[in-house]
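Keep in mind the model is a prediction, meaning the values are calculated, not measured. So you know, we letter chains A, B, ... as the sequences are listed, proteins then strands, and number each from 1.
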2 protein chains.
Amino acid sequence: MQLPEAKGKFIEAWGKLGSEWGINRTMAQVHALLLVSPNELTTEEIMEELKISRGNANMTLRDLISWGLVEKQHKAGERKEYFYADKDTWNIARQVAKERRKRELDPIIKILDELSKVEGDSKDEAFKTFNKSVTDINKLAKNVDKTLETMLKAEENWFWKSIFKMFK
Amino acid sequence: MQLPEAKGKFIEAWGKLGSEWGINRTMAQVHALLLVSPNELTTEEIMEELKISRGNANMTLRDLISWGLVEKQHKAGERKEYFYADKDTWNIARQVAKERRKRELDPIIKILDELSKVEGDSKDEAFKTFNKSVTDINKLAKNVDKTLETMLKAEENWFWKSIFKMFK
DNA sequence: TTTAACTTTCAAAACAATTTGAAAGTTTAT
DNA sequence: ATAAACTTTCAAATTGTTTTGAAAGTTAAA
């Protein structure tokens with residue numbers, strides 16, 4: 001297999017994976033393209049390579065920036081904007097975990113907290129089951145949340161540091 | 001807030017979370033409904049409560065069963081089938097991790113392995129970057145895979161056992 | 001300030017995923 | 001064997017998501 005073909009396969013696979021995890025396919029593909037590009041690319045080049053429209057490229061790049069996965073670069077004397085992806089796998093994972101925590105975990109914990117407060121007849125099976133499921137899930141969610149917080153903010157934490165080593 | 005309202009909110013929230021993580025909304029909602037139901041429900045009851053069609057209910061329940069989250073029950077002397085969800089949060093998490101590993105992680109590792117083999121000119125920046133990104137991601141994916149395998153098969157493993165305790 | 005290079009927006013179009021419902025299939029009791 | 005109770009299937013319809021592209025907006029050099 002030659003590089004261009006391999007590149008295409010990588011972009012496709014990354015796109016598919018993204019879409020299976022609730023990330024827009026094009027966004028994952030643009031990210032993949034930037035990941036395998038040694039230097040920054042312009043909107044034009046991205047449009048060209050992935051055969052997507054200007055509007056799509058623009059919005060997708062904005063999203064990637066808001067996810068902290070891509071940065072705008074600004075070359076002296078040039079009008080065009082260049083885009084560049086952080087290529088450190090660990091940073092990518094951290095960044096995705098951080099964003100999803102903020103965007104999804106936090107809101108659902110808020111709801112679960114409310115639902116945990118619902119009171120009812122402790123002899124009512126329907127209530128008992130509701131309550132048990134909700135409080136159990138809430139507990140797990142909070143543990144995940146706390147764990148992520150620790151992991152994300154502290155490489156200085158000896159415990160997580162040793163866990164991270166296993167993954168690098 | 002009263003129980004029926006709370007139930008509705010829980011179902012809605014679980015559905016939304018599911019869809020953000022690539023799980024069909026209805027499937028997550030049916031799961032949620034079964035999670036808060038003390039006893040098994042029939043297809044009819046599920047259709048009724050969630051206002052979905054028979055076909056949809058049927059397919060969704062099959063999916064949930066294939067994910068190992070729901071079981072069919074068969075009451076003596078009755079023709080109808082009843083459905084029941086395991087309510088142990090930890091089992092749910094295990095089951096989802098197990099399935100997604102099989103369905104998504106394994107296939108992408110296979111592709112990454114292939115792409116890692118691609119050879120090229122080590123002076124070519126394009127090749128170097130491609131290779132670095134692909135092998136790095138492959139390494140991380142394999143580590144996640146190994147970790148999940150260990151976690152999933154072994155509660156007997158002292159190390160993971162102590163980690164699990166933190167979450168329960 | 002004008003112009004040209006470039007970026008952003010967003011309504012409409014294209015595409016993708018989900019859902020419906022009626023028909024076909026299956027099972028069990030009689 | 002037939003009927004009744006129930007389950008499954010799948011083509012078509014609906015709904016939801018993504019993409020386009022042209023127009024509007026912005027910026028910076030002249």
Side-chain angles (χ1 to χ4, degrees), chain A residues 11-12 14-34 40-67 69-84 103-104, chain B residues 11-34 40-67 69-84 100 103-104:
Chain A
I11 289 169
E12 213 186 306
W14 205 238
K16 189 172 175 227
L17 188 71
S19 71
E20 285 164 341
W21 286 84
I23 283 150
N24 164 333
R25 208 188 79 241
T26 303
M27 184 170 150
Q29 288 184 334
V30 171
H31 186 223
L33 173 60
L34 289 170
E40 318 80 73
L41 299 178
T42 60
T43 304
E44 213 77 31
E45 290 169 307
I46 293 166
M47 287 166 57
E48 162 82 5
E49 189 119 12
L50 302 178
K51 313 269 181 245
I52 60 174
S53 72
R54 186 172 299 286
N56 195 5
N58 182 266
M59 283 188 152
T60 295
L61 285 164
R62 279 161 131 276
D63 277 355
L64 282 167
I65 289 169
S66 85
W67 275 77
L69 295 171
V70 165
E71 284 180 8
K72 264 191 193 177
Q73 305 241 305
H74 192 318
K75 296 196 174 180
E78 291 220 48
R79 295 286 292 282
K80 268 180 289 200
E81 285 179 324
Y82 286 79
F83 298 90
Y84 180 82
R103 296 175 192 214
E104 293 151 23
Chain B
I11 289 168
E12 212 188 306
W14 205 238
K16 189 172 175 224
L17 189 69
S19 71
E20 285 164 341
W21 286 84
I23 284 150
N24 166 331
R25 208 188 78 242
T26 302
M27 182 170 151
Q29 288 183 334
V30 170
H31 186 223
L33 172 60
L34 289 170
E40 318 81 73
L41 300 179
T42 61
T43 304
E44 213 76 30
E45 290 170 307
I46 293 165
M47 286 164 58
E48 163 82 5
E49 188 119 12
L50 302 178
K51 312 269 180 244
I52 62 175
S53 72
R54 186 172 299 286
N56 195 5
N58 182 267
M59 284 188 150
T60 296
L61 285 164
R62 282 162 129 274
D63 277 356
L64 282 167
I65 289 168
S66 86
W67 275 76
L69 295 171
V70 165
E71 285 180 10
K72 263 191 195 177
Q73 305 241 306
H74 195 317
K75 294 198 174 180
E78 291 221 47
R79 296 284 294 282
K80 269 180 287 196
E81 286 180 322
Y82 286 78
F83 298 90
Y84 180 81
R100 299 204 83 148
R103 297 175 191 214
E104 293 150 22

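Note that the two end axes of the helix from dT1(C)-dA30(D) to dT30(C)-dA1(D) enclose an angle of 10°, each drawn from 5 base pairs, rounded to 10 degrees.
To the nearest 0.5 Å, atom CG of residue L64(B) and atom CG of residue L69(B) are 6.0 Å apart.
The stretch residues 14-29 of chain A has no heavy atom under 4.0 angstrom from DNA chain C at all. DNA chain D lies under 4.0 Å from at least one heavy atom of each of the following residues of residues 51-59 of chain A: K51(A), I52(A), S53(A), G55(A), N56(A). Taken residue by residue, residues 74-84 of chain B places heavy atoms nearer than 4.0 Å to DNA chain D at R79(B), K80(B), E81(B).
The side-chain hydrogen bond (donor to acceptor under 3.5 Å, both in side chains) test applied to N56(A) returns T60(A), not counting sequence neighbours. With sequence neighbours left out, the salt bridge (charged side-chain N to carboxylate O under 4.0 Å, His left out) criterion links E71(B) to no other residue. By the side-chain hydrogen bond (donor to acceptor under 3.5 Å, both in side chains) test, Y84(B) pairs with no residue at all, sequence neighbours left out. Considering only residues two or more places apart in sequence or on other chains, R79(A) meets the salt bridge (charged side-chain N to carboxylate O under 4.0 Å, His left out) condition with none of them. By the side-chain hydrogen bond (donor to acceptor under 3.5 Å, both in side chains) test, K80(B) pairs with no residue at all, sequence neighbours left out. T42(A) is linked by a side-chain hydrogen bond (donor to acceptor under 3.5 Å, both in side chains) to E45(A), counting only residues two or more places apart in sequence or in another chain.
Stacking of K75(A) on the aromatic ring of Y82(A) is recorded, both the 6.0 Å distance cut-off and the 45° axial limit being met. Seen from the ring of W67(B), R103(B) counts as a face-on cation partner, given the 6.0 Å and 45° thresholds.
For the pair V30(A) and F83(A), the minimum side-chain heavy-atom distance is 4.5 Å or more.
Of all non-hydrogen atoms in S53(A) and M47(A), the two that sit nearest each other are O-CG, 3.9 Å. Between L41(A) and L34(A), the shortest heavy-atom distance links the atoms CD1-CD2, 3.9 Å.
First and last contacting nucleotides of DNA chain C toward chain B (any atom under 4.0 angstrom from a heavy atom, 5' to 3' order): dT18(C) to dT28(C).
Annotation: side-chain hydrogen bond (donor to acceptor under 3.5 Å, both in side chains) contacts involving residues 21-34 of chain A, sequence neighbours excluded, comprise W14(A)-H31(A), W21(A)-E104(B).
A salt bridge is absent between K72(B) and E40(B); no separation between the charged side-chain nitrogens and carboxylate oxygens falls under 4.0 Å.
Surrounding CD of Q73(B) are more than 12 heavy atoms belonging to other residues, nucleotides or ligands, all under 6.0 Å away.
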